[in-house]
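First comes the structure, then the notes that go with it.
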Amino acid sequence: MKWVYIEDIYQYAGQEVEIRGWVYNKRSSGKVRFLLIRDGTGIIQGTIFSENKDFPLFQLFDGLTQESSLIVRGLVRTDKRAPGGYELEIKELEVIQIAEDYPITPKEHSVAFLMEHRHLWLRSQKQHAVLQVRAETVRAIRDFFNDRSFRLMDTPILTPNACEGTTTLFETSYFDQKAYLSQSGQLYNEATAAAFGKVYCFGPTFRAEKSKTRRHLIEFWMVEPEVAFATLQDIIELGQDLIMFILERVLERRRADLEILERETAPLERISKPFPQVTYDQAVKLLQERGSPLAYGDDFGAPEETKLSEIFDQPVCVTHFPAKIKAFYMQPDKDRPDLALGVDFLASEGFGEIIGGGQRIHDLNLLEQRIKEFNLPAEAFKWYTDLRRYGTFPHSGFGLGLERTVAWLCKLAHIRETIPFPRLLYRIYP
RNA sequence: UCCUCGGUAGCUCAAUUGGCAGAGCGGGUGGCUGUUAACCACUAGGUUGCAGGUUCGAGUCCUGCCCGGGGAGCCA
């Protein structure tokens with residue numbers, strides 16, 4: 001008999017098939033037994049009927065516990081009463097294992113308990129839906145850049161120096177030297193951009209910040225494109241195209257998952273290019289008009305980001321930040337050297353920053369001066385300044401945080417559910 | 001790191017002024033001809049986070065510690 005997956009079950013109505021999976025739930029009523037089976041691709045209701053109380057399949061059914069693993073064979077039928085519209089009339093039931101009492105029940109649990117059982121929590125429908133959206137987002141990102149002839153250039157995770165001196169790094173030993181876990185692939189992207197024109201890297205990054213909020217992970221995934229000869233405005237366009245591409249793809253292919261998450265799609269569907277674009281000055285003015293205590297020169301905190309994204313009904317691009325509050329490599333504005341040619345994309349519905357990027361300094365003298373001003377070790381940045389010695393080129397890029405993007409798409413209260421095994425400030429188990 | 005809230009049955013929670021530690025879910029047993037987090041009956045299940053203190057008596061009050069939730073700063 002053919003082994004099939006539940007997501008393909010509609011192709012087999014009227015046929016006998018085999019399904020391999022786990023018990024999701026069960027119900028019984030006299031001469032009928034209902035078995036909800038999940039196989040990783042979906043859930044289907046299996047039915048067993050008999051007039052005979054001692055029917056052998058009933059005895060097997062009665063011994064099943066939640067998450068017991070099994071193989072069932074039976075007839076696929078359409079039935080309006082079945083969740084999903086299809087059900088399996090079970091003819092054979094082969095138990096692989098009767099599971100021990102499963103800790104996660106169909107009722108409520110606390111966050112702490114669920115995080116402690118993350119390895120099992122992944123099996124629940126909502127977690128399944130979130131991670132399906134994540135997988136689709138990753139696929140969309142790769143398709144977007146590959147279709148536009150960006151070259152994937154994997155950057156190292158073990159690095160000898162800080163990309164941005166301000167952030168805390170995870171230190172590890174590298175034989176008789178020290179090494180740090182990468183917090184961004186950007187500096188290396190600038191080197192590969194000079195070799196390949198337009199590049200991107202996509203991988204995990206690590207920040208040893210003691211952040212304990214709904215939008216921070218210690219280990220998170222970031223996609224970072226870098227384009228030789230691109231200006232700030234060029235990569236703002238690129239960022240908008242990327243976000244539109246991801247949005248359309250997820251709305252097209254993962255609508256069922258968004259429904260499981262009870263995520264309203266209308267606010268996502270009305271997003272269109274071009275996104276509103278404001279300078280830092282304009283943003284501060286907008287915030288102050290609405291009663292924010294923000295002073296000029298302050299960086300936006302979470303409340304400001306939330307407020308800004310609520311003012312517009314769209315993702316917002318904020319540009320031209322005071323250079324003081326931004327990274328050392330940011331290109332200053334021609335007319336206002338105190339402003340950096342950087343951009344932050346704030347997602348709609350109060351989700352805050354999902355993209356940060358900008359134009360990089362390409363002038364050797366200016367870059368060396370900045371490295372000094374930021375008290376960075378010049379020697380460690382020798383290779384980086386070399387890029388300005390041998391055919392320097394204006395260039396721009398950005399980083400998009402995968403988990404924040406998925407949290408926004410799914411409208412989740414906390415980023416921890418957007419990655420299978422989140423690394424958080426006080427949690428590295430499981 | 002700081003602010004704030006919490007820790008009671010496997011899970012989610014309740015316990016009035018300091019006065020017999022309880023319910024729902026889950027488990028077990030039985031019942032029910034189509035269930036949708038099914039339902040009904042019965043049943044087992046406790047070092048009240050840890051250590052001290054006050055008191056005739058502490059889940060409840062006090063001190064210290066441990067663990068966790070929410071938030072801030074920083075950032076994607």
Side-chain angles (χ1 to χ4, degrees), chain A residues 24-36 43 45-53 58 62-63 65-67 77 79-85 87 89 99-117 120 124-126 163-164 166-168 183-186 202 204-224 239 298-306 325-327 343-347 351-357 398-408 413-416 418-419 424-427 429:
Chain A
Y24 192 70
N25 201 353
K26 60 177 199 174
R27 300 181 271 268
S28 68
S29 177
K31 311 286 189 295
V32 197
R33 301 282 194 278
F34 298 98
L35 188 62
L36 287 166
I43 296 173
Q45 173 166 279
T47 57
I48 307 169
F49 295 87
S50 180
E51 296 294 324
N52 177 7
K53 259 180 75 173
F58 279 4
D62 291 344
T65 55
Q66 197 184 346
E67 288 303 320
R77 297 196 317 204
D79 193 310
K80 270 181 279 178
R81 292 167 298 186
E87 64 181 20
E89 191 184 319
E100 293 179 25
D101 279 356
Y102 190 64
I104 301 177
T105 67
K107 298 284 177 177
E108 283 166 34
H109 299 281
S110 65
V111 170
F113 179 80
L114 290 170
M115 289 306 297
E116 196 68 18
H117 296 86
L120 303 176
S124 349
Q125 253 187 314
K126 284 199 176 177
C163 161
E164 306 169 30
T166 54
T167 324
T168 324
Q183 55 182 7
S184 165
Q186 184 207 313
F202 192 4
T205 52
F206 309 86
R207 307 255 167 115
E209 291 161 358
K210 299 219 162 175
S211 310
K212 191 175 175 296
T213 79
R214 63 180 55 195
R215 49 180 71 170
H216 283 88
L217 290 171
I218 301 300
E219 178 180 323
F220 68 97
W221 282 62
M222 186 156 66
V223 60
E224 296 173 276
D298 289 351
D299 206 350
F300 301 141
E304 284 80 25
E305 285 190 355
T306 301
I325 58 173
K326 286 289 168 184
V343 59
D344 280 2
F345 280 57
L346 308 180
F351 272 83
E353 185 179 353
I354 55 172
I355 282 182
F398 64 77
L400 173 131
L402 175 63
E403 288 79 12
R404 285 186 181 179
T405 303
V406 175
W408 169 56
H414 201 294
I415 196 171
R416 65 185 154 223
T418 62
I419 186 166
L424 299 161
L425 184 50
Y426 294 120
R427 177 171 297 282
Y429 177 93

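Predicted model, so just to flag it, every value in this text is computed and none were measured. Reckoned from all heavy atoms, side chains included, excluding hydrogens, waters and symmetry mates. Convention: sequence-line order gives letters A, B, ...; per-chain numbering from 1.
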With heavy atoms under 4.0 Å as the rule, sort [X] into base, sugar-phosphate or nothing.
X: A:Asp299; answer: sugar-phosphate
X: A:Glu87; answer: base
X: A:His117; answer: nothing
X: A:Phe398; answer: nothing
X: A:Glu403; answer: nothing
X: A:Gly352; answer: nothing
X: A:Ile355; answer: sugar-phosphate

Could you check which of [options] has an atom nearest any side-chain atom of [X]?
X: A:Asn25; options: B:U33, B:G73, B:A37; result: B:A37
X: A:Arg207; options: B:G68, B:G70, B:C75; result: B:C75
X: A:Arg214; options: B:U1, B:G70, B:C74; result: B:G70
X: A:Gln45; options: B:C75, B:U35, B:G68; result: B:U35
X: A:Arg416; options: B:G34, B:A76, B:G69; result: B:G69
X: A:His216; options: B:G68, B:A76, B:C11; result: B:A76
X: A:Arg27; options: B:A76, B:U35, B:G70; result: B:U35
X: A:Glu305; options: B:C75, B:G34, B:A37; result: B:C75
X: A:Glu353; options: B:A76, B:G73, B:G69; result: B:A76

Subject >> Under 4.0 Å protein heavy-atom contacts per nucleotide of nucleotides 27-32 of chain B, with B for base, S for backbone only and - for none >> reply: S---SB

Original post:
How does protein contact run along nucleotides 3-10 of chain B, one letter per nucleotide 5' to 3', with B for base contact, S for sugar-phosphate only, - for none, heavy atoms under 4.0 Å?
Top reply: --------

Original post:
What residues, two or more places apart in sequence or in another chain, satisfy ring-ring contact (aromatic ring centres under 6.0 Å, His included) together with A:Phe300?
Top reply: A:Tyr280

Subject >> Donor-acceptor pair between A:Thr418 and A:His414 side chains, under 3.5 angstrom >> reply: no

**OP:** Taking all non-hydrogen atoms of both residues into account, name the closest pair between A:Tyr102 and A:Ile104 and its distance.
**Re:** CD2-O, 2.9 Å

Subject >> Under the 3.5 Å Watson-Crick or G-U criterion, the dot-bracket string of RNA chain B, with | for inter-strand pairs >> reply: (((((((..((((.....[..)))).(((((.......))))).....(((((..]....))))))))))))....

**OP:** Write down the distance separating the P atoms in B:C3 and B:C40, rounded off to the nearest Å.
**Re:** 48 Å

Original post:
By salt bridge (charged side-chain N to carboxylate O under 4.0 Å, His left out), which residues pair with A:Arg427, not counting sequence neighbours?
Top reply: A:Glu116

Original post:
How would you list, by chain and number, every residue that makes a salt bridge (charged side-chain N to carboxylate O under 4.0 Å, His left out) with A:Glu224, sequence neighbours excluded?
Top reply: none

Original post:
Is the shortest side-chain N to carboxylate O distance from A:Lys326 to A:Asp344 below 4.0 Å?
Top reply: yes

Subject >> Stacked pair A:Phe220-B:A76, distance under 5.5 Å, angle under 30° >> reply: yes

**OP:** Please determine if a side-chain N or O atom of A:Arg215 lies less than 4.0 Å away from the OP1 or OP2 oxygen of B:G73.
**Re:** no

